[in-house]
Every structure is written in structure tokens, then in C-alpha cells.
K.L.:
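My questions will all concern the structure given below.
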Amino acid sequence: MNSKLSQEIKAFALSCGVDKVGIAGIDRFNESPEGLHPTDFLPGCKSVIAFCVRLPDGAINASMRTFEDGMYDLHGIYGAYGYVGAPNYELLFANYKIARFVEKLTGCAAMPNTAGPTHGAKMMSMRHCAYAAGLGEFGWSSLMLTPEFGPRNRFGAVLTTAELEPDPMYNGPKLCDPEKCHICEKMCPTGAIPPYEKGSERLVCSGGKEVGYSQINWSKCRLMCHGTRAEFNESGEDIIPRSVTDPLDSELDAINDYFNRNPRQNFHQHSPSWKCGNCLSYCPVGSWYERYGESGISGVNTDKFIDE
Ligand code: SF4
Ligand code: SF4
């Protein structure tokens with residue numbers, strides 16, 4: 001394993017504008033689901049270089065203004081600069097540059113990957129790559145938390161056949177304690193994030209480190225993200241009947257059917273899917289109180305959702 005190459009690659013990644021970068025060895029993916037292992041995408045892959053861009057506080061502010069003040073038009077700012085737009089394009093170009101740099105430096109293949117509107121392909125989970133590369137830990141919300149920015153990041157990853165020196169798994173203070181913190185659960189408008197219950201979590205193991213996160217109900221989440229409920233769309237009306245938007249589990253089939261019949265589904269990342277981001281906006285990890293509470297950007301008292 002080549003430490004000097006790893007350092008050079010990480011320094012180059014940072015020079016491309018990413019905010020954090022780490023490297024995972026291929027053994028960190030031993031428990032990847034079938035079809036989603038790095039070698040399924042790049043045969044012979046030996047290392048995964050994962051990185052993130054942090055989302056601007058001002059873009060998160062736009063999401064908060066929608067939710068707290070009903071300024072629906074501003075949610076486009078969040079979509080453009082805090083969700084699918086600029087962060088993913090930033091990652092798109094960083095991926096391209098990093099992959100080319102790795103190939104030139106090592107002579108090995110390097111495959112860029114990013115999320116959002118820029119791919120349109122089945123792909124690996126960028127969050128799991130970031131976890132394996134030591135960038136942070138999963139939160140109960142299922143979002144990847146970095147100590148610096150909480151869940152307010154976007155992730156990308158370059159797969160390479162080069163054998164690089166890996167970074168350690170994140171070993172700082174535990175970032176999320178869902179037994180005490182209930183913010184994402186309580187701020188979720190549809191109950192998509194269930195209350196913490198020991199044993200109910202989805203477990204992820206990488207590099208000998210295990211972490212659990214909630215089994216989100218994605219159908220309920222999509223109701224919000226696609227603005228089908230009055231609270232998150234500019235018409236102020238429910239786009240599908242409220243009886244369906246406050247669903248019983250038995251009604252979720254009808255919701256899935258709605259989305260499956262919606263032609264936008266074919267272009268999921270190109271349709272407005274940023275109407276709700278409360279689990280991302282209000283998570284306390286990443287200096288939330290300094291950035292949004294004390295600064296007056298948010299008027300929501302999230303303290304009441306944390307047990308002493
Ligand atoms: S809001 Fe609280 S429980 Fe949810 S992910 Fe963040 S720290 Fe964890
Ligand atoms: S985006 Fe909104 S609806 Fe979806 S899980 Fe987060 S808080 Fe819940």
C-alpha cells in the first residue's frame with residue numbers, strides 16, 4: 001500500500017474544492033449487498049476514495065424559510081444549492097478531475113461516481129462509501145453525519161484498482177444518540193422516520209465498526225419530498241388526498257402506485273424532490289445551534305426533542 005500516493009490523491013481532492021476526503025480499502029465492503037459491491041462496478045477495485053462537499057448554511061436557510069415561514073418559492077434555492085443542483089455538479093467535476101488524476105498518477109483505472117441529476121445509472125451508495133472511508137457515522141435519520149457539518153453534506157466516490165493506504169474508520173465522539181435525540185423523528189412531517197427502538201435498526205458493518213440507523217419509510221418520505229402535501233407545496237393544497245397522505249401502512253401500496261404511475265418517476269432526480277429536508281436541516285450535529293439557532297436563522301426550538 002502506498003502512503004505517499006494516498007496523501008497526494010487526498011491533497012489533490014481537497015484542491016478540487018471538496019471539504020473532506022478519505023480512503024477505504026476494499027475489505028471495508030465485505031458486507032455490501034449483492035450487486036452493490038465496488039467490484040460489481042469496477043472489477044479489480046482495491047480502494048474507494050470518498051469525499052464530500054458541505055452544503056452552504058444559506059441554502060439550508062432557504063429550506064428553513066419554506067418550512068418555518070411558508071416561503072415556498074425559496075425552496076428552489078435549497079433544491080439548487082443545497083440538494084440536487086450545485087452540490088452534485090461540484091461533485092461531478094471533482095469526481096472527473098480526481099479520477100483522471102488517479103489514473104495519471106498510478107496507471108490504474110479509476111471510476112468516478114456521483115449522485116443526483118448527473119448520472120441516471122444504478123450505483124453504489126455514496127453514504128456507505130463515505131462511512132467506509134472514515135468520514136463520519138450514520139445518524140438515526142439514515143443520513144451520513146460528519147462531525148463538522150452533520151448531515152449537511154453531499155458525497156461522491158472514485159473507485160480505483162490502485163491499492164492505496166486506507167484511512168481509519170471514524171473514531172471520534174459518537175455523533176448520534178437516538179435514545180436521547182428525537183429531533184429527526186419529531187421534525188419529520190409524515191412519520192417516515194420511526195422512533196428509536198433497540199433492535200429495529202438497520203445495521204451496517206464496515207472496517208470492524210458497526211452502526212445502526214432507522215428503517216425509513218421511503219413512501220412516506222416521498223410524499224413530502226415531492227411536495228404532495230399542502231405544507232410543502234406552493235398551491236397550499238394536498239395534491240393527493242389527505243386520507244392517502246396520512247397513510248396507514250396498509251395504504252402505502254396506493255402511494256407507491258401513485259409514484260410508479262407518475263411519469264416523472266423515470267427522471268426521479270430531475271423532478272422536484274427537495275420539498276422537504278427537515279431531517280437534514282434540523283439535526284443538531286455539526287454545530288447546529290451556532291449556525292442556525294444562536295444566529296437566529298431558525299426559530300424552531302429543537303431542544304424540546306432531546307432527553308436530558
Ligand atoms: S436528529 Fe438526532 S437522532 Fe436524528 S440523526 Fe441527528 S443526532 Fe441522530
Ligand atoms: S425528508 Fe422530510 S419526510 Fe423525508 S425523512 Fe426527512 S423529514 Fe421525513
Side-chain angles (χ1 to χ4, degrees), residues 17-19 52-94 114-119 126-127 130 139 141-146 148-156 183-190 192-193 216 218 220-239 245 259 264 267-293 295-300 302:
V18 306
D19 292 292
C52 70
V53 292
R54 80 167 184 89
L55 307 179
D57 292 343
I60 305 303
N61 161 66
S63 180
M64 289 168 164
R65 296 283 66 74
T66 306
F67 179 68
E68 295 181 30
D69 302 329
M71 298 173 73
Y72 299 109
D73 286 347
L74 275 189
H75 228 211
I77 301 287
Y78 171 64
Y81 299 105
Y83 196 68
V84 293
N88 285 320
Y89 283 101
E90 185 86 1
L91 288 167
L92 175 85
F93 291 114
T114 186
T118 55
H119 64 91
M126 297 294 101
R127 293 173 301 143
S141 59
S142 90
L143 298 170
M144 250 296 292
L145 312 179
T146 60
E148 298 88 349
F149 314 118
R152 293 167 285 276
N153 319 267
R154 278 272 182 239
F155 299 96
I183 292 175
C184 54
E185 170 212 332
K186 298 291 186 188
M187 293 299 292
C188 178
T190 48
I193 301 176
I216 284 205
W218 293 113
K220 290 183 178 180
C221 173
R222 287 165 81 194
L223 288 169
M224 281 292 121
C225 290
H226 287 260
T228 68
R229 259 178 53 168
E231 298 93 307
F232 283 86
N233 79 64
E234 47 286 324
S235 75
E237 294 175 3
D238 291 332
I239 290 174
T245 57
F259 283 116
R264 294 183 313 176
F267 302 98
H268 176 71
Q269 293 290 348
H270 296 270
S271 64
S273 56
W274 55 81
K275 302 283 184 170
C276 175
N278 280 7
C279 47
L280 181 145
S281 297
Y282 293 99
C283 175
V285 180
S287 307
W288 190 92
Y289 293 98
E290 293 81 352
R291 289 177 190 276
Y292 309 104
S295 69
I297 288 178
S298 173
V300 174
T302 52

K.L.:
Specify the closest pair of heavy atoms between Gly156 and Leu91, including all atoms of both residues, with the distance to one decimal.
P.N.:
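For Gly156 versus Leu91, the nearest heavy atoms are N-CD2, 3.9 Å.
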
K.L.:
Is the shortest side-chain N to carboxylate O distance from Asp19 to Arg54 below 4.0 Å?
P.N.:
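Salt bridge: no.
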
K.L.:
Between Ile193 and Cys279, which heavy-atom pair has the shortest distance, and what is it?
P.N.:
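Closest heavy-atom pair between Ile193 and Cys279: CD1-CB, 3.7 Å.
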
K.L.:
Hey, would you say the Tyr72 and His75 ring centroids sit under 6.0 Å apart?
P.N.:
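Centroid separation for Tyr72 and His75: 6.0 Å or greater.
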
K.L.:
So, for Thr66 and Met71, which heavy atoms are closest and what is the spacing to 0.1 Å?
P.N.:
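Nearest heavy atoms, Thr66 then Met71: OG1-O, 3.3 Å.
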
K.L.:
For Met187 versus Phe67, what's the shortest heavy-atom pair and its separation?
P.N.:
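In terms of heavy atoms, the two residues are closest at CE-CE2, 3.6 Å.
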
K.L.:
Judged by atom type as modelled, is there a donor-acceptor pair below 3.5 Å linking the side chain of Arg154 to the main-chain atoms of Ala86?
P.N.:
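No, the answer is negative, given that no donor and acceptor are paired below the 3.5 Å cut-off.
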
K.L.:
Could you check Cys188, Pro151, Ser298 and say which one makes a side-chain contact (heavy atoms from CB on, under 4.5 Å) with Tyr282?
P.N.:
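Output: one option passes, namely Ser298.
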
K.L.:
Taking atom CD1 of Ile60 and atom OH of Tyr81, what is their separation to the nearest 0.5 Å?
P.N.:
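It is 14.5 Å, given to the nearest 0.5 Å.
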
K.L.:
Counting only N and O atoms by type, is there a donor-acceptor contact under 3.5 Å from the side chain of Arg65 to the main-chain atoms of Ile297?
P.N.:
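Yes, Arg65 side chain to Ile297 backbone: donor-acceptor pair under 3.5 Å.
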
K.L.:
What pair of heavy atoms forms the shortest contact from Val18 to Val53, and how long is it?
P.N.:
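The answer is CA-CG1, 4.1 Å.
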
K.L.:
When the ring planes of Tyr292 and Trp288 are compared, do they come out parallel, tilted or perpendicular, using 30° and 60° as the limits?
P.N.:
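Aromatic pair Tyr292/Trp288 classed tilted.
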
K.L.:
Out of curiosity, Asn61 CG to Arg291 CZ, how far, rounded to the nearest 0.5 Å?
P.N.:
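One finds 13.5 Å between CG of Asn61 and CZ of Arg291.
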
K.L.:
Distance check, rounded to the nearest 0.5 Å: Asn278 atom CG versus Ser141 atom OG?
P.N.:
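Going from the CG atom of Asn278 to the OG atom of Ser141 covers 12.0 Å.
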
K.L.:
Give me the atom names and distance for the closest heavy-atom approach of Tyr78 to Ala59.
P.N.:
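Heavy atoms of Tyr78 and Ala59 come nearest at CD1-O, 3.6 Å.
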
K.L.:
Quick check for you: to the nearest 0.5 Å, what is the distance between Ser281 atom OG and Ile183 atom CD1?
P.N.:
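It is 12.0 Å, given to the nearest 0.5 Å.
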
K.L.:
Treating Arg152 as the side-chain partner and Leu280 as the backbone partner, does any N or O pair qualify as donor plus acceptor under 3.5 Å?
P.N.:
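Side chain of Arg152 to backbone of Leu280: a pair is present.
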
K.L.:
Could you measure the distance from the OH atom of Tyr83 to the OG atom of Ser63? Nearest 0.5 Å is fine.
P.N.:
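Answer rounded to 0.5 Å: 10.5 Å.
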
